[in-house]
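Every chain is numbered from 1 and lettered A, B, ... according to where its sequence line falls, protein lines coming before strand lines.
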Protein chains: 2
Amino acid sequence: MRNKSSVALADVAGLDIDGVGLDAQPLGVRVFERLRGAILDGGLAAGSRLPSSRVMAGDLGVSRNTVEWAYGQLVAEGYVIRRQGAGSYVAEAPPPRDQPPASVDAPLSNRPPRTLSSRAKALEAYPGHRGLSLGAAFTPSLPSLEFFPRAIWGRLMREAMRRPGPDLWAYGPSNGLPELRSAIAAQVAAGRGVRCSPDQVIVATSTQQAIELAARLVTEAGDTAWVEDPGYVPSRMGLESVGLKVVGVPIDSEGFSLEAGLAVAPEAKLCVVTPSHQYPLGVEMSPARREALLAWARDAEGWILEDDYDGDYRYSGRPLAALQAMDRSARVIYIGTFNKTLFPSIRIAFAVVPEDLAQPMINAKHVADGHNGTLAQAALAEFISAGHFATHLRRTRAAYDERRQALLAALETLGGAVTIGPSDGGMHLAVHFTFACDDREIAAACGRRGVEARALSRYRIAPGPPGLVLGYACAAPSRIRSAMAVVKDAVEAARSAA
Amino acid sequence: MRNKSSVALADVAGLDIDGVGLDAQPLGVRVFERLRGAILDGGLAAGSRLPSSRVMAGDLGVSRNTVEWAYGQLVAEGYVIRRQGAGSYVAEAPPPRDQPPASVDAPLSNRPPRTLSSRAKALEAYPGHRGLSLGAAFTPSLPSLEFFPRAIWGRLMREAMRRPGPDLWAYGPSNGLPELRSAIAAQVAAGRGVRCSPDQVIVATSTQQAIELAARLVTEAGDTAWVEDPGYVPSRMGLESVGLKVVGVPIDSEGFSLEAGLAVAPEAKLCVVTPSHQYPLGVEMSPARREALLAWARDAEGWILEDDYDGDYRYSGRPLAALQAMDRSARVIYIGTFNKTLFPSIRIAFAVVPEDLAQPMINAKHVADGHNGTLAQAALAEFISAGHFATHLRRTRAAYDERRQALLAALETLGGAVTIGPSDGGMHLAVHFTFACDDREIAAACGRRGVEARALSRYRIAPGPPGLVLGYACAAPSRIRSAMAVVKDAVEAARSAA
């Protein structure tokens with residue numbers, strides 16, 4: 001008869017809690033089920049008060065979140081009543097046992113699998129991840145985080161947060177903070193030859209978002225888009241998710257070819273290219289090819305999305321300016337990102353659009369997700385304007401060049417097994433096998449030993465020669481050398497089997 | 001004959017710089033055009049070195065960004081050559097004059113306006129904005145930023161930034177940080193009765209993004225969705241932008257009606273509702289209506305998107321749990337947001353999805369924009385877990401209740417001109433005019449005097465009775481009273497004209 005009295009912790013001491021990770025579901029479910037069982041058994045009497053989640057958590061050695069989750073489930077199912085400011089009590093009349101509550105851990109397990117949309121199905125080809133992807137050598141497009149000046153960034157964020165007034169905390173402009181758009185316009189003019197006013201800059205969370213928003217504006221659902229083959233899978237998926245038919249155009253040593261594009265899909269309305277440093281092959285689009293593509297856009301009223309994802313890195317040779325710089329017909333949408341030059345979790349990228357696309361892009365961003373977070377935008381504007389961005393580019397250019405050279409040297413150990421693609425710029429290079437093999441098997445063998453050497457076939461739409469894509473920005477030279485020893489073993493095993 | 005020598009500042013001192021805002025384009029364009037003119041005139045000789053952008057900026061009294069933008073344009077157009085580490089020089093052979101460079105300020109002005117896509121056209125109905133929207137009284141959905149504990153947030157952000165290791169700076173999990181998903185699962189269980197494990201939580205940037213991603217997964221392009229009429233315009237636009245046919249279902253005093261939905265579009269596959277506090281009318285969906293809708297979803301294999309945008313605020317009466325809490329068929333996708341409870345520029349919202357939708361949502365978020373920024377996620381997880389979120393809700397609930405009562409009292413001054421909609425919860429209420437009038441005219445009259453009283457007809461698909469939507473969270477009681485005097489003038493003017 002503990003009615004109205006507090007439940008002793010001993011009542012729940014039988015909980016079978018073992019070393020499950022704190023955020024795993026089963027622990028909360030077990031706490032929930034044990035408590036529910038005790039209520040149904042009468043071990044926890046109607047009207048009795050449950051310990052606070054803090055006390056319960058401390059005693060069980062689990063997180064308060066876990067206990068609160070379990071309590072929340074008990075409330076939701078009617079076993080427990082929460083009284084504002086007075087704690088949680090076992091309900092006077094728990095749900096009847098003949099009407100069993102829905103199980104919280106496996107409510108769908110007894111049902112046949114449900115069919116989602118064809119759009120959901122298509123996304124299975126490029127699954128998202130649940131964990132942090134910290135990146136081993138040779139993850140492409142991952143910057144080295146050790147060079148980022150965290151202390152400076154921390155100070156700039158602090159200054160933004162301390163700025164008086166509500167501006168940086170309220171709803172922000174759909175296209176981004178004016179000071180950031182000005183800084184970006186200056187930066188891309190100086191660094192990439194891009195011509196624009198700040199009004200043509202639209203801040204987005206990522207290259208992906210910028211591509212999707214722009215693609216929607218210049219195409220109808222059902223239109224055809226050319227993409228590079230091999231190419232960047234997420235942009236292909238993004239184009240498909242906005243209703244486009246995507247056709248791969250084979251890439252050669254001069255990059256994207258209009259002629260090849262017209263041969264496979266003359267009806268294309270949009271061309272998505274990486275002219276500065278083709279992803280993943282690393283070739284630079286030739287001036288003649290650029291001129292031909294721009295002439296197509298002008299004459300066919302087509303559009304070009306220029307994904308300049310790592311054009312800030314160039315180590316040798318004379319870089320060409322962005323394709324946008326040559327555009328006289330306002331048919332190029334230029335896309336850049338800080339997620340690769342600064343740090344991935346900053347989530348700031350941008351599009352530079354022709355003037356008459358600026359307001360439509362603002363509208364599209366507004367409906368898609370309102371605007372980017374403004375505090376980080378203010379910090380980034382100052383980071384660029386005060387010269388920290390230029391300093392960071394200088395520092396990482398030198399470091400990545402050293403890593404690139406370490407990779408080129410390490411690749412010598414593979415002997416004649418590979419030829420090496422262009423490596424004048426960017427954060428990765430591609431190698432091509434000189435013998436018949438399955439590049440996915442070689443990649444898998446590397447993966448089993450902790451080295452991420454991506455199979456070139458992962459990036460292909462049509463089958464093509466095997467190879468590997470090797471990012472060098474994220475790994476120090478010593479790590480590059482030790483990781484290459486792993487690649488070498490995998491390549492030699494494949495070669496002797498061939 | 002200043003060949004190879006530095007350009008004196010006097011060479012560009014004739015620049016006609018006046019008080020144009022620092023980030024405005026014309027200033028940069030004028031710097032650019034003056035320099036280009038000097039190069040073409042021979043005033044700046046081929047091969048001469050330009051002053052550094054810092055020196056030039058200081059001398060002209062403009063920002064470095066402005067000068068760098070102008071220099072970038074000169075580089076892009078071939079007038080100036082940048083030599084790595086050695087400064088900028090006037091090109092030896094500037095572009096011939098008979099081939100005039102594209103104007104940078106108005107490249108499109110001589111062209112006929114271009115037609116963008118029908119999707120771009122549709123977005124014109126809900127234009128994004130270029131400025132900060134700080135919100136006057138009575139902006140709906142805008143929280144009061146004065147209550148947000150900025151110092152605590154600053155500390156938590158600092159702690160996140162100081163956490164050792166690269167985790168919070170690299171690519172993050174597509175569905176959000178595990179610690180944040182756990183905290184959200186606990187919070188929505190305790191606060192809203194939502195049943196879920198952390199694995200069912202997907203972190204997004206906004207309600208909008210969550211709606212778009214989820215809608216794509218459970219519908220095909222061309223399917224029909226029911227939305228509330230009147231209702232939240234951005235979610236309607238978002239559904240349209242993912243290819244859905246949107247049909248408005250009239251809202252009455254019990255909220256969304258399945259019967260009314262079936263009458264207008266029996267083929268609907270998706271229902272988007274605000275059951276806790278209908279946007280904008282403020283009614284709560286009745287238990288009978290909830291049961292009917294859930295039964296429809298179960299039997300017709302339909303889907304429900306529950307937008308619980310301000311369900312954390314309840315001032316009187318007994319709140320119902322979220323619709324998701326009653327769902328036994330795993331057909332409800334629950335969406336919550338911190339952009340309204342904490343501060344808009346945090347850009348963190350979330351979806352709680354049935355288990356079999358979790359991986360598809362991860363995939364969709366992955367392709368849409370990778371993942372949310374991880375530093376703010378870490379700070380928010382700690383903000384919730386340490387109890388600051390609960391404290392903030394308590395504090396703002398009390399403040400908003402006071403504001404709500406001030407608004408209700410102030411509305412008395414309108415006499416019989418309006419009836420007042422439900423005001424038990426949320427951050428706004430709706431009033432309905434008791435006489436024939438154009439609510440947009442009344443809203444415009446208020447707007448001219450700095451008061452944002454939104455016309456109810458703005459939210460309608462089909463025409464309906466006139467009214468106003470009044471947000472009270474963002475304004476102190478004294479401001480509510482003074483703003484209501486403005487509304488009163490506008491209403492009385494309309495009434496005497498009626």
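When all heavy atoms of S174(B) and G128(A) are compared, the closest pair comes out as OG-CA, 3.5 Å.
By number of non-hydrogen pairs under 4.5 angstrom with chain B, the leading residue of R158(A), E68(A), E212(A), K365(A) is E212(A). Ranked by non-hydrogen atom pairs under 4.5 Å with chain B, the options Y126(A), F148(A), W303(A) are led by Y126(A). The residue among G387(A), S241(A), G243(A) with the most heavy atom pairs within less than 4.5 Å of chain B is S241(A). Chain B forms the most heavy-atom pairs under 4.5 Å with one residue out of P234(A), G238(A), S385(A), and that residue is S385(A). Contact tally against chain B (heavy-atom pairs below 4.5 Å) for A204(A), G373(A), A349(A): the top residue is G373(A). Per-residue heavy-atom pair counts under 4.5 Å with chain B were compared for Q208(A), M361(A), R150(A), and the maximum is reached by R150(A).
Both the backbone and the side chain of L217(B) come within contact range of chain A, each with at least one heavy atom under 4.5 Å from a heavy atom of that chain.
Aromatic ring orientation, H129(B) versus H366(A): perpendicular (interplanar angle above 60°, classes split at 30° and 60°).
Using modelled atom types, one side-chain atom of R347(A) and one backbone atom of D369(B) make a donor-acceptor pair closer than 3.5 Å. Checked by atom type and distance alone, the side chain of E220(A) pairs as donor or acceptor with a backbone atom of S118(B) at under 3.5 Å.
A distance of 3.5 Å separates CE in M157(A) from CE in M157(B), rounded to the nearest 0.5 Å. The structure places CG of L145(B) at 10.0 Å from CG of D167(A), a figure rounded to the nearest 0.5 Å. To the nearest 0.5 Å, atom CG of residue L375(A) and atom CG of residue L375(B) are 12.5 Å apart. A distance of 6.5 Å separates OH of Y171(B) from CG of N339(A), quoted to the nearest 0.5 Å.
Donor-acceptor pairing under 3.5 Å is recorded for the side chains of T219(B) and R119(A).
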**Study point:** Check against side-chain contact (heavy atoms from CB on, under 4.5 Å), K121(A) and N363(B)
**Key:** CA-CA 10 Å; K121(A) 185 85 192 153; N363(B) 300 347; over 6 Å; no

- Item | Worked check of side-chain contact (heavy atoms from CB on, under 4.5 Å) between H371(A) and S345(B) | CA-CA 8 Å; H371(A) 60 94; S345(B) 88; 4.2 Å; yes

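Annotation for E146(B): atom CD counts as buried by contact number, over 12 foreign heavy atoms lying within 6.0 Å.
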